[in-house]
Amino acid sequence: MKDARAQGLAQWARNADLKVHIPDQAILAPVSDDASFRRYFRFDSAASGIVFVDAPPSHEDNESFIKVSLALGQAGLHVPHVLAVDLDLGYLAVTDLGDRVYLHEMVKDPACIASLYDKANDALMTMIAVDCDLPPYNHSRLMTEMSLFHEWFLAKQLNIAVSEATRVMLTDVYDFLAGSALAQPTGFVHRDYHCRNLMVAGIESPGILDFQDAVVGPITYDLVSLYKDCYFRFERDFVIEQVEKFNSQLIDTGIVGESTPLLRWFDLMGAQRHLKCAGIFSRLNLRDGKPGYLSDIPLVIDYLIETAGLYSELAEFHTWLLAVVYPKLQNA
């Protein structure tokens with residue numbers, strides 16, 4: 001099937017002011033795509049060090065990508081720099097951070113995990129302080145995200161009829177989790193700071209990708225993305241150790257006080273994120289024809305069950321997850 005946008009991207013790349021020669025015979029080949037409409041390409045025999053991005057402007061906020069890239073780069077973080085862009089077409093050329101994704105490196109050599117995540121922690125502390133005029137992660141946004149759980153995961157993916165009593169229970173859960181999130185100090189939030197968006201880039205700071213949806217929001221959100229990762233599970237003891245380490249850094253910088261319930265905030269923020277992710281993964285399958293994310297849903301639900309079992313305010317939710325959702329997911 002003809003890929004008109006990829007062909008257009010190749011033609012645009014040859015005409016862009018990149019100071020590199022791209023021969024006519026060079027082929028623009030896909031590198032990867034992700035959960036959005038954004039796709040990444042490289043030429044097979046030219047333009048070394050450059051990734052070309054197809055980001056349809058009707059679906060992707062390319063102005064935000066450019067703005068956030070500049071702000072993170074100025075803060076000393078390692079991100080793709082924009083070399084050329086056409087906002088009307090939705091084509092970009094950015095610096096290439098390579099192929100060494102954290103997830104692949106961790107699976108290949110688990111002994112590298114501690115070192116990689118120390119670097120990711122340090123980068124996260126720097127990132128929290130970045131200021132570049134971002135929208136707030138407010139109550140409305142938090143609630144809209146969590147509603148994806150019942151709209152897409154329960155009703156459409158699992159075909160669970162959501163009764164009025166269940167809807168009331170879920171609304172109470174959503175309100176509780178949103179309240180915990182909004183009680184936290186705020187800072188820069190990447191929103192997808194996890195092992196598929198972090199790169200081993202040959203320097204101390206990790207390469208950071210996919211930051212265009214950044215907001216100002218709760219300080220534990222990116223920490224959750226990092227240690228309650230939808231694509232890789234860490235042991236609970238390791239997670240607690242990392243949260244305590246991060247809490248010490250926050251105390252040292254004056255962002256939180258000694259008595260801050262950071263682990264509680266972290267766990268409850270994780271529940272908010274995982275409600276959203278169950279809904280998004282289901283929507284990617286049902287609406288966007290991307291079934292690959294279905295295999296990540298069981299871990300997301302495991303996280304929800306674990307967290308709901310730790311906090312008395314979520315006891316009813318915990319019972320319901322075990323009685324209704326878990327068996328249905330097992331048989332899906």
Side-chain angles (χ1 to χ4, degrees), residues 29-42 51 53 65 69 72 77-80 94-127 189-214 220-243 245-246 266 269-270 273-274 276-278 280-285 288 290-304 306:
V31 177
S32 67
D33 57 12
D34 58 29
S36 70
F37 291 89
R38 191 177 297 264
R39 299 185 296 167
Y40 303 90
F41 298 82
R42 294 188 184 105
V51 168
V53 187
F65 179 90
S69 170
L72 294 178
L77 295 166
H78 194 42
V79 296
V94 302
T95 52
D96 189 349
L97 300 189
D99 295 308
R100 297 182 62 193
V101 180
Y102 261 39
L103 176 59
H104 301 159
E105 298 293 317
M106 292 154 56
V107 171
K108 183 172 64 177
D109 179 17
C112 74
I113 289 175
S115 173
L116 291 181
Y117 278 75
D118 280 346
K119 294 171 184 177
N121 281 355
D122 290 343
L124 179 52
M125 280 301 302
T126 298
M127 194 163 59
V189 174
H190 177 293
R191 291 182 75 196
D192 267 320
Y193 193 69
H194 56 65
C195 65
R196 287 183 175 175
N197 285 333
L198 293 172
M199 312 289 291
V200 178
I203 59 175
E204 283 303 301
S205 182
I208 302 172
L209 305 177
D210 207 21
F211 41 73
Q212 62 277 352
D213 295 325
T220 63
Y221 191 92
D222 285 338
L223 196 67
V224 163
S225 302
L226 199 57
Y227 291 110
K228 288 195 174 186
D229 194 318
C230 297
Y231 313 111
F232 188 93
R233 184 161 201 169
F234 297 100
E235 294 295 330
R236 177 70 175 174
D237 288 347
F238 176 76
V239 172
I240 292 173
E241 177 185 317
Q242 295 303 311
V243 172
K245 184 185 299 184
F246 194 74
F266 169 86
M269 192 77 257
R273 175 168 170 79
H274 295 128
K276 173 182 77 170
C277 289
I280 287 177
F281 292 164
S282 301
R283 187 175 66 186
L284 284 166
N285 172 51
D288 301 334
K290 296 184 177 183
Y293 291 90
L294 291 180
S295 62
D296 300 310
I297 290 179
L299 176 54
V300 168
I301 300 304
D302 282 349
Y303 283 137
L304 280 171
E306 177 188 66

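What's counted below: heavy atoms across the whole structure, side chains too, no hydrogens, waters or symmetry copies.
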What verdict does the side chain to side chain contact (heavy atoms under 4.5 Å, CB included) test give for Glu306 and Lys228, after you've listed the backbone C-alpha separation in whole Å, the side-chain angles of each residue and the deciding distance to 0.1 Å?
CA-CA 11 Å; Glu306 177 188 66; Lys228 288 195 174 186; 4.2 Å; yes
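- In this structure, the side chain to side chain contact (heavy atoms under 4.5 Å, CB included) partners of Asn285, at least two apart in sequence or on a different chain, are Gln157, Pro291, Leu294.
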Audit row: Leu209, Val101, side chain to side chain contact (heavy atoms under 4.5 Å, CB included) steps and yes/no
CA-CA 10 Å; Leu209 305 177; Val101 180; over 6 Å; no
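- The shortest distance between side-chain heavy atoms of Val53 and Arg39 does not fall below 4.5 Å.
- Residues Ala120 and Leu198 approach most closely at CB-CD1, 4.1 Å, considering heavy atoms.
- Under a 3.5 Å cut-off, the side chain of Ser225 and the backbone N or O of His194 do not form any donor-acceptor pair.
- His190 contributes no side-chain N or O that, together with a main-chain N or O of Tyr221, makes up a donor-acceptor pair within less than 3.5 Å.
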In residues 105-112, what donor-acceptor pairs under 3.5 Å come from side-chain atoms, sequence neighbours left out?
| from | atom 1 | to | atom 2 | distance (Å) |
| --- | --- | --- | --- | --- |
| Glu105 | OE1 | Arg100 | NH2 | 3.0 |
| Glu105 | OE2 | Arg100 | NE | 3.2 |
| Asp109 | OD1 | Ala111 | N | 3.3 |

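- Here Asp122 pairs with Gln249 under the side chain to side chain contact (heavy atoms under 4.5 Å, CB included) rule; sequence neighbours left out.
- By the 6.0 Å and 45° rule, Arg273 does not stack over the aromatic ring of Tyr303.
- At a threshold of 4.5 Å between non-hydrogen side-chain atoms, the residues Phe211 and Met127 do not count as touching.
- Distance check: Ile301 CD1 to Asp296 CG gives 12.0 Å after rounding to the nearest 0.5 Å.
- Comment: Asp210 does not engage Arg196 in a salt bridge, judged by the lack of any side-chain N to carboxylate O separation of less than 4.0 angstrom.
- Asn197 contributes a side-chain N or O that, together with a main-chain N or O of Asp192, makes up a donor-acceptor pair within less than 3.5 Å.
- Considering every non-hydrogen atom in both Phe41 and Val31, the closest pair reads C-CG2, 3.6 Å.
- Scanning all heavy atoms of the two residues, the minimum distance from Pro80 to Thr95 falls at CA-OG1, 3.4 Å.
- Checked against side chain to side chain donor-acceptor pair (under 3.5 Å), Arg42 has the following partners two or more places apart in sequence or in another chain: Asp96, Asp99.
- What you find for Ser295 and Gly292 is that their closest heavy atoms are OG-O, 3.1 Å.
- In this structure Val243 satisfies the side chain to side chain contact (heavy atoms under 4.5 Å, CB included) test together with Leu223, Val239, Leu262, Leu263, Phe266, sequence neighbours excluded.
- Phe234 pairs by the ring pair (Phe, Tyr, Trp, His ring centres under 6.0 Å) definition with Tyr117, Tyr227, Phe232, Phe238, not counting sequence neighbours.
- The nearest pair of heavy atoms linking Leu299 to Asp229 is CD2-O, 3.5 Å.
- Closest heavy-atom contact between Ile208 and Ala123: CD1-CB, 4.4 Å.
- Going from atom CG of Asp288 over to atom CD1 of Ile280 covers 10.5 Å, rounded to the nearest 0.5 Å.
- The CD atom of Glu241 lies 15.0 Å from the CZ atom of Phe246; values are rounded to the nearest 0.5 Å.
- How far NE2 of His274 is from CZ of Phe281: 8.5 Å, rounded to the nearest 0.5 Å.
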